[in-house]
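Right, one structure below, let's go through it.
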There are 2 protein chains.
Amino acid sequence: MAGTRLDPIDRKILAELQADGRMTNVELAKRVGISAPPCLRRVRTLEESGYIRGYHANVNARELGFEVQVFAMVGLASQAESDLTAFEEKCRNWPLVRECHMLNGEVDFLLKCVAPDLSSFQSFLTGQLLTTPNVESVKTSLVIRPAKDEPGVPFDVLESRLKNAP
Amino acid sequence: MAGTRLDPIDRKILAELQADGRMTNVELAKRVGISAPPCLRRVRTLEESGYIRGYHANVNARELGFEVQVFAMVGLASQAESDLTAFEEKCRNWPLVRECHMLNGEVDFLLKCVAPDLSSFQSFLTGQLLTTPNVESVKTSLVIRPAKDEPGVPFDVLESRLKNAP
DNA sequence: TCTGAAACGCATGCTCT
DNA sequence: AGAGCATGCGTTTCAGA
């Protein structure tokens with residue numbers, strides 16, 4: 001299951017598929033230094049054990065007509081567990097909300113939203129988010145420009161840590 | 001190029017590959033209702049025109065040893081364009097910073113960071129981020145739990161908009 | 001658990017519509 | 001621009017070390 005220790009080849013597989021999720025299995029096998037059959041078995045195992053959650057094409061949101069990206073910081077009136085999960089459930093059902101993170105500190109949730117334009121985001125904000133029971137405060141910040149957007153984790157950091165403490 | 005209008009089949013291809021980036025071309029062709037050769041040609045065109053930026057395996061950061069995820073809100077002393085790009089360049093070189101967004105409002109940048117544990121994040125914070133020239137204020141918030149994390153854009157929103165204004 | 005061989009299915013170029 | 005066909009390559013199973 002997810003907790004099985006990974007060997008260096010497994011980590012290399014993950015790093016390669018994070019960088020190029022559509023790489024063929026023979027190419028992957030070549031890069032990690034084993035033949036194709038065991039490489040495929042490892043990939044399947046990593047998928048089944050949850051180390052790999054899926055594969056996704058990264059599509060150009062702006063070209064597709066989603067011109068704005070907005071972060072919303074949400075404060076709730078009640079932070080009882082049932083109220084927290086109720087809000088999370090709401091977020092899962094709002095398609096414009098792509099990410100919802102519960103945070104510590106002043107704000108309860110940080111939401112990453114996309115929308116075709118500012119007015120459609122505003123109508124989501126006033127018509128959906130602000131009218132949700134228990135939502136006390138919402139501060140929104142428009143993304144002016146994205147400066148870095150790397151998926152996943154830095155495998156080089158992982159490897160250097162494992163080298164220093166094997 | 002990126003600006004060419006997409007037809008419904010192209011949008012279906014993008015939606016399918018966003019949901020499963022490792023789908024075979026014949027499966028994709030079946031789902032979008034054309035035969036394999038033209039389907040593959042469309043995919044290549046979408047890749048070359050920038051509608052598809054890449055394919056990535058979604059790896060389980062926590063199981064890999066990245067236990068903490070932190071959002072950092074950064075304020076700069078000077079917002080001159082050269083100072084903004086200088087900070088962005090710094091972010092691109094910090095592996096723990098996975099996303100960097102320039103925002104409007106009180107805060108200048110929002111950073112999404114990952115780290116193996118709190119202490120390694122703290123040493124990044126005090127040793128790197130806070131010692132960067134021009135960084136005036138940093139407020140960090142730990143992610144207590146992720147409630148939603150969907151990649152990409154909601155294609156159903158796109159389709160319903162196109163239906164109402166074709 | 002790996003490698004190697006072999007069968008099968010997919011990717012992809014060509015031609016025709 | 002899409003379909004059908006042909007072929008070379010990738011995927012996947014199986015046997016054996």
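Keep in mind that the numbers below use all heavy atoms, side chains included, and drop hydrogens, waters and symmetry copies.
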task: Given side-chain contact (heavy atoms from CB on, under 4.5 Å), test I13(B) with L6(B) step by step and report yes or no.
output: CA-CA 10 Å; I13(B) 288 175; L6(B) 299 180; over 6 Å; no

message: I'd like to know whether CD of E106(A) has more than 12 heavy-atom contacts from other residues, nucleotides or ligands below 6.0 angstrom.
response: no

Rounded to whole angstroms, how far apart are [atom1] on [X] and [atom2] on [N]?
| X | N | atom1 | atom2 | result |
| --- | --- | --- | --- | --- |
| R22(B) | dG10(D) | CZ | P | 13 Å |
| R41(A) | dC14(D) | CZ | P | 13 Å |
| I9(A) | dT1(C) | CD1 | P | 12 Å |
| L40(B) | dC9(D) | CG | C1' | 14 Å |
| N25(B) | dT12(C) | CG | C1' | 9 Å |
| R42(A) | dT12(D) | CZ | P | 17 Å |

- prompt: What do you reckon, are the aromatic ring centroids of F87(A) and F109(A) less than 6.0 Å apart?
  reply: yes

- prompt: Which residues within residues 27-37 of chain B lie with some heavy atom under 4.0 Å of an atom in DNA chain C?
  reply: A36(B), P37(B)

message: For E47(B) and Y55(B), which I'm curious about, is there any donor-acceptor pair between the side chains at under 3.5 Å?
response: yes

task: Begin from the C-alpha positions of R44(A) and E48(A) and carry the test salt bridge (Lys or Arg N to Asp or Glu O under 4.0 Å) through to its verdict.
output: CA-CA 6 Å; R44(A) 296 281 176 261; E48(A) 282 157 24; over 6 Å; no

- prompt: Given a cutoff of under 4.5 Å between side-chain heavy atoms of I, L, V, M, F, W and Y, with clusters grown through shared members, what are the other residues clustered with F71(A)?
  reply: M73(A), L103(A), V107(A), L110(A), V143(A), F71(B), M73(B), L103(B), V107(B), L110(B), V143(B)

message: Please classify the nucleic acid contact of V26(B) as base, sugar-phosphate, or nothing, using heavy-atom distances under 4.0 Å.
response: sugar-phosphate

